[in-house]
**Student:** 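One structure coming up, written as structure tokens, with questions to follow.
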Number of protein chains: 2
Amino acid sequence: MRARTRLLDVNTGNFTVFINPEDAKEGRLHPEDLVKIETGKRTVYGTVAIGDFVGRGEIGISQDILEVQPFSEGEAVVVVPAGTPESVRYIRKKMRGEKLRKVEIEAIVKDIVDRKLRDVEISAFVTALEINGLDMDEIAALTVAMAETGHMLDIDRKPIMDVHSIGGVPGNKTNVLVVPIVAAAGLTIPKTSSRAITSAAGTADVVEVLTNVTLSLDEIKRIVEKIGACLVWGGALNLAPADDITIKVERRLSIDPRGLMLASIMSKKYAIGSQYILIDIPTGRGVKVESMEEARSLARDFIELGKRLGQYVEVAITYGGQPIGHTVGPALEAKEALEALMTGKGPGSLIEKALGLAGILLEMGGVAPAGMGKKIAREILESGKAYQKMREIIAEQGGDPDIKPDDVPIGDKTYTFTAPTSGYVTGIDNRAVTAIAREAGAPEDKGAGITFHVKVGEKVKEGDPLFTIHAESETRLDRAIVLARRLDPIKIEGMVLQRIGNI
Amino acid sequence: MRARTRLLDVNTGNFTVFINPEDAKEGRLHPEDLVKIETGKRTVYGTVAIGDFVGRGEIGISQDILEVQPFSEGEAVVVVPAGTPESVRYIRKKMRGEKLRKVEIEAIVKDIVDRKLRDVEISAFVTALEINGLDMDEIAALTVAMAETGHMLDIDRKPIMDVHSIGGVPGNKTNVLVVPIVAAAGLTIPKTSSRAITSAAGTADVVEVLTNVTLSLDEIKRIVEKIGACLVWGGALNLAPADDITIKVERRLSIDPRGLMLASIMSKKYAIGSQYILIDIPTGRGVKVESMEEARSLARDFIELGKRLGQYVEVAITYGGQPIGHTVGPALEAKEALEALMTGKGPGSLIEKALGLAGILLEMGGVAPAGMGKKIAREILESGKAYQKMREIIAEQGGDPDIKPDDVPIGDKTYTFTAPTSGYVTGIDNRAVTAIAREAGAPEDKGAGITFHVKVGEKVKEGDPLFTIHAESETRLDRAIVLARRLDPIKIEGMVLQRIGNI
């Protein structure tokens with residue numbers, strides 16, 4: 001059918017197009033049908049919904065389509081039913097446990113990006129991957145296909161360094177220190193990060209407290225070519241967009257097939273042109289990777305995949321058994337990171353991890369002799385050069401470089417939990433910490449989160465403060481307190497762990 | 001959040017609820033979030049979309065929700081985010097290849113029916129079943145769970161017979177003959193059928209040409225208790241509703257996991273109280289089951305599953321290598337079936353199949369001695385008793401029992417293909433026939449379809465008519481002609497099939 005576009009302020013998340021009931025009947029279109037919307041220039045795919053609030057001869061275009069495909073009001077388009085995409089056959093091939101060819105993987109990825117494949121098909125694909133896996137040939141093909149169906153960055157500096165932390169240790173603001181240290185040493189590191197999805201604060205959420213993180217690829221190129229670094233949000237850059245789409249489905253199912261996880265991370269690095277990549281795998285209870293054995297196996301896969309893609313990859317397996325530093329939540333973490341950069345000092349877990357990672361990168365990039373990276377990183381941090389670089393990053397990205405830790409607004413509704421008994425802190429539960437910080441409002445409420453007054457191994461007396469919850473509203477604070485009481489995130493035990501008497 | 005319902009004339013197929021952008025922001029709701037909508041009496045699940053055409057404090061309820069859940073305009077409800085349903089864990093368990101317990105299967109089915117599981121999760125479930133399968137314990141549990149989460153029929157007559165044809169042989173109006181024959185013999189057969197999904201005409205589409213097929217369960221009970229039979233559409237009866245939901249997903253993926261197929265068919269029979277069930281498995285090129293070996297294995301599963309459910313099942317493996325009878329399409333098939341009932345005569349493939357199936361049912365139901373069923377069925381058909389029963393069915397369901405074959409309106413736009421050469425008909429391509437009939441407008445245009453002038457094995461001379469396409473509009477006729485030219489559904493070969501000369 002022929003129709004004129006009508007732009008709607010509706011967002012279904014499903015690339016919905018709305019069609020008048022009469023038009024739908026005439027054109028034999030049903031809810032959830034896939035249609036092709038053709039203009040002179042291009043073809044866009046959408047999912048049919050029927051609604052009487054669009055007139056006859058109109059096609060209502062929802063916001064989620066407009067975000068990726070510009071349409072103007074009243075544009076003449078042709079709407080035709082689209083058949084089943086060919087790539088569904090390749091998804092079935094993977095269901096049968098067969099190895100996919102490069103062109104088949106490319107077809108699946110292209111159809112995901114074009115929205116020809118929708119939730120049903122993408123879910124079948126990730127489920128088939130979860131069950132039947134991918135070999136390294138397939139993973140490499142998937143990684144390149146994901147990168148090449150999105151935007152690519154070409155920075156005119158060499159070498160390009162990168163660092164990436166996988167999987168959910170709370171309070172992990174480490175890379176806010178690592179990036180300026182590495183750039184202050186003269187290396188180039190265009191760091192893109194994600195916002196929190198299931199955590200309390202992603203690196204992008206933290207940096208956003210200090211400066212703007214939503215930049216275009218052109219702005220990033222200009223800044224990185226000028227000062228050697230950036231700390232931006234990767235989400236709006238259309239880097240490996242198939243990854244963002246599949247991740248939404250994986251999250252609904254709580255699965256994370258390894259091949260897809262590798263391709264997800266490395267496709268973004270490939271798209272941004274990274275050549276030397278350090279992967280940080282936090283390992284411990286309550287994070288994505290719980291055992292050293294699993295961490296090592298994953299490390300080997302990252303390194304092998306890097307080889308296939310022409311990237312040099314190293315892996316740092318780091319301690320992830322409790323939160324990093326003393327804070328969790330965007331503003332609290334930004335404040336802690338800024339303080340560490342300004343003073344060169346801070347919680348041991350934060351400083352040592354940041355210097356360790358930065359040191360490896362300095363050695364990888366050839367600006368520190370083997371074994372000297374961490375020492376040089378410490379000099380850069382303590383001398384204030386890293387802080388100076390961070391000021392440049394803040395300024396170039398549009399923030400105020402003179403921002404001080406005390407300028408950072410923290411949620412003023414607070415509640416402090418104290419030790420119910422004397423003893424030693426034997427554990428801090430990562431998952432509970434994240435859940436409580438989110439209940440307090442993080443990451444949407446930037447000022448919400450948790451400050452820790454103790455860490456694992458410390459001795460406490462009854463009544464000593466253990467942690468403080470910060471929130472921006474009383475409602476959220478109350479909810480977080482209730483959850484904290486239930487989850488009891490800090491474990492305190494005496495030296496006598498168990499007493500067994502007469503039975 | 002608290003909200004007042006606003007009933008919308010919108011159908012997304014996704015159980016969508018529309019929320020105002022400001023409310024969504026305040027309530028931290030995002031597109032595609034699952035929400036619980038609570039009233040005093042009940043809880044309904046919906047998927048969030050954001051739209052400015054609902055006001056603040058309103059929640060827009062779409063038609064697909066209203067079809068299964070009554071809401072009145074302006075009803076006060078509470079809308080809260082719903083967490084991930086517990087049953088997603090059991091879907092992951094099946095991904096790992098583990099056997100599901102009865103309670104786990106029940107939880108999945110209940111959450112499907114309650115719409116807590118949506119496309120993403122259901123697709124993961126059917127994909128996991130396609131890859132890892134179900135054993136007979138699981139299939140039996142799934143069948144019962146599917147039946148018990150929907151309506152059940154309790155007919156006060158014994159025994160209850162049933163017949164079901166699986167998988168797509170075109171022109172299969174057989175059961176329109178079988179049901180009145182069996183009922184005329186004094187047995188009870190409450191036959192529910194589906195409309196065409198991928199075929200050119202389902203039994204419900206065919207019968208609808210002769211009488212009303214959309215009845216309530218109460219009406220069905222009344223009619224069957226009175227005359228021993230019905231021929232109705234099963235779709236609106238809420239029999240095993242989980243099945244209808246999963247089938248939509250399977251169709252998108254073109255998969256049909258055996259365990260799910262068995263449960264799908266048998267759950268409807270279980271819900272309607274059938275005790276003696278004949279399963280017809282058409283076997284041949286271009287239908288669902290292509291080999292005798294596969295048909296036999298499937299037959300064993302049907303029989304075994306029946307035992308678990310307390311049903312006596314027999315299976316007829318029938319010839320499905322070409323269309324049944326001479327017609328394909330709702331009205332053409334209804335006309336052919338009515339003629340056969342009135343005259344006791346018709347195409348051999350139709351009459352012999354119908355009598356064969358009816359005969360088995362008469363023996364299963366104890367009204368014919370072993371080996372005599374088909375003969376008795378023939379007597380019932382030829383004596384006009386079956387036609388008399390069909391008149392009762394038509395009348396009780398609300399149609400005119402005096403309807404004559406010539407009263408059935410057939411599409412008057414026609415085109416006849418003739419033999420391009422003399423020879424023998426060596427094949428009629430089922431899939432091509434279905435595609436051409438659908439292109440001509442079937443099943444929506446009841447008068448559209450195909451009449452065959454020849455069947456496999458017949459001798460033809462150049463210029464003899466092969467088949468006629470019927471359509472209700474010139475446009476559809478033209479499209480069907482184009483497709484028929486391309487697909488060339490009837491194969492004619494001389495006795496010399498290939499000549500190999502000097503190379």
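So that the names make sense, note that chain A is the first sequence line, chain B the second, and so on, each numbered from 1. Note that the structure is a prediction, hence the values are computed from the model and not measured.
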**Student:** Find the one option among T47(A), T16(A), D445(A) whose heavy-atom pairs under 4.5 Å with chain B are most numerous.
**Tutor:**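 The residue among T47(A), T16(A), D445(A) with the greatest pair count is D445(A).
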**Student:** With P81(B) as reference, evaluate L34(B), L29(B), D33(B) under the side-chain contact (heavy atoms from CB on, under 4.5 Å) test and give the passing residue.
**Tutor:**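 Of L34(B), L29(B), D33(B), side-chain contact (heavy atoms from CB on, under 4.5 Å) with P81(B) is met by L29(B) alone.
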**Student:** Side chain, backbone, both or neither: which part of F18(B) has an atom under 4.5 Å from a heavy atom of chain A?
**Tutor:**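 Just the side chain, heavy atoms under 4.5 Å.
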**Student:** Between R89(B) and chain A, which part of the residue has a heavy atom less than 4.5 Å away: side chain, backbone, both or neither?
**Tutor:**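 No part of it gets close to chain A.
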**Student:** Enter the distance from D205(B):CG to W233(B):CH2 here, rounded to the nearest 0.5 Å.
**Tutor:**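 Answer for the CG-CH2 pair, D205(B) versus W233(B), is 9.5 Å.
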**Student:** Go through the atoms of E130(B) and report whether side chain, backbone, both or neither lie under 4.5 Å from a heavy atom of chain A.
**Tutor:**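 Side chain only.
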**Student:** Using side-chain contact (heavy atoms from CB on, under 4.5 Å), reason through L117(A) and F125(A) one step at a time and then give a plain yes or no.
**Tutor:** CA-CA 10 Å; L117(A) 295 176; F125(A) 181 54; over 6 Å; no
**Student:** Check the pair E22(B), K25(B) against salt bridge (charged side-chain N to carboxylate O under 4.0 Å, His left out), reporting the backbone distance first and the verdict last.
**Tutor:** CA-CA 5 Å; E22(B) 295 300 313; K25(B) 203 173 169 193; 5.9 Å; no
**Student:** Heavy-atom pairs under 4.5 Å with chain B are the metric here; pick the option from I255(A), L253(A), V88(A) that has the most.
**Tutor:**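 Top option by heavy-atom pairs under 4.5 Å: L253(A).
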**Student:** What option among N14(B), L8(B), V126(B), I91(B) has the most heavy-atom pairs under 4.5 Å with chain A?
**Tutor:**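 When all of N14(B), L8(B), V126(B), I91(B) are compared, N14(B) has the most.
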**Student:** Under 4.5 Å, counting heavy-atom pairs only, tell me which of V10(B), D119(B), D9(B) racks up the most with chain A.
**Tutor:**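 Going by pairs under 4.5 Å, I would pick D9(B).
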**Student:** Quick one: what part of R92(A) sits under 4.5 Å from any heavy atom of chain B, side chain, backbone, both or neither?
**Tutor:**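 Side chain of R92(A) only, per the 4.5 Å heavy-atom cut-off to chain B.
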**Student:** For N132(B), which atoms come within 4.5 Å of any heavy atom of chain A: side chain, backbone, both, or neither?
**Tutor:**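 Just its side chain gets close to chain A.
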**Student:** Between the side chains of N11(B) and S62(B), does any donor sit under 3.5 Å from an acceptor?
**Tutor:**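 Side chains of N11(B) and S62(B): no pair found under 3.5 Å.
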**Student:** Find the one option among P21(B), A128(B), A124(B) whose heavy-atom pairs under 4.5 Å with chain A are most numerous.
**Tutor:**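 Ranked by contacts with chain A, first place is A124(B).
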**Student:** Which side-chain N or O atoms in residues 48-58 of chain B pair as donor and acceptor under 3.5 Å with protein atoms at least two apart or in another chain?
**Tutor:**
from	atom 1	to	atom 2	distance (Å)
R56(B)	NE	D23(B)	OD1	2.9
R56(B)	NH2	D23(B)	OD1	3.0
R56(B)	NH2	E26(B)	OE1	3.0
E58(B)	OE1	R6(B)	NH1	3.1
E58(B)	OE1	G55(B)	N	2.7

**Student:** Would E439(A) and R479(A) pass as an ion pair if we require N to O under 4.0 Å?
**Tutor:**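 Yes, E439(A) and R479(A) are salt-bridged.
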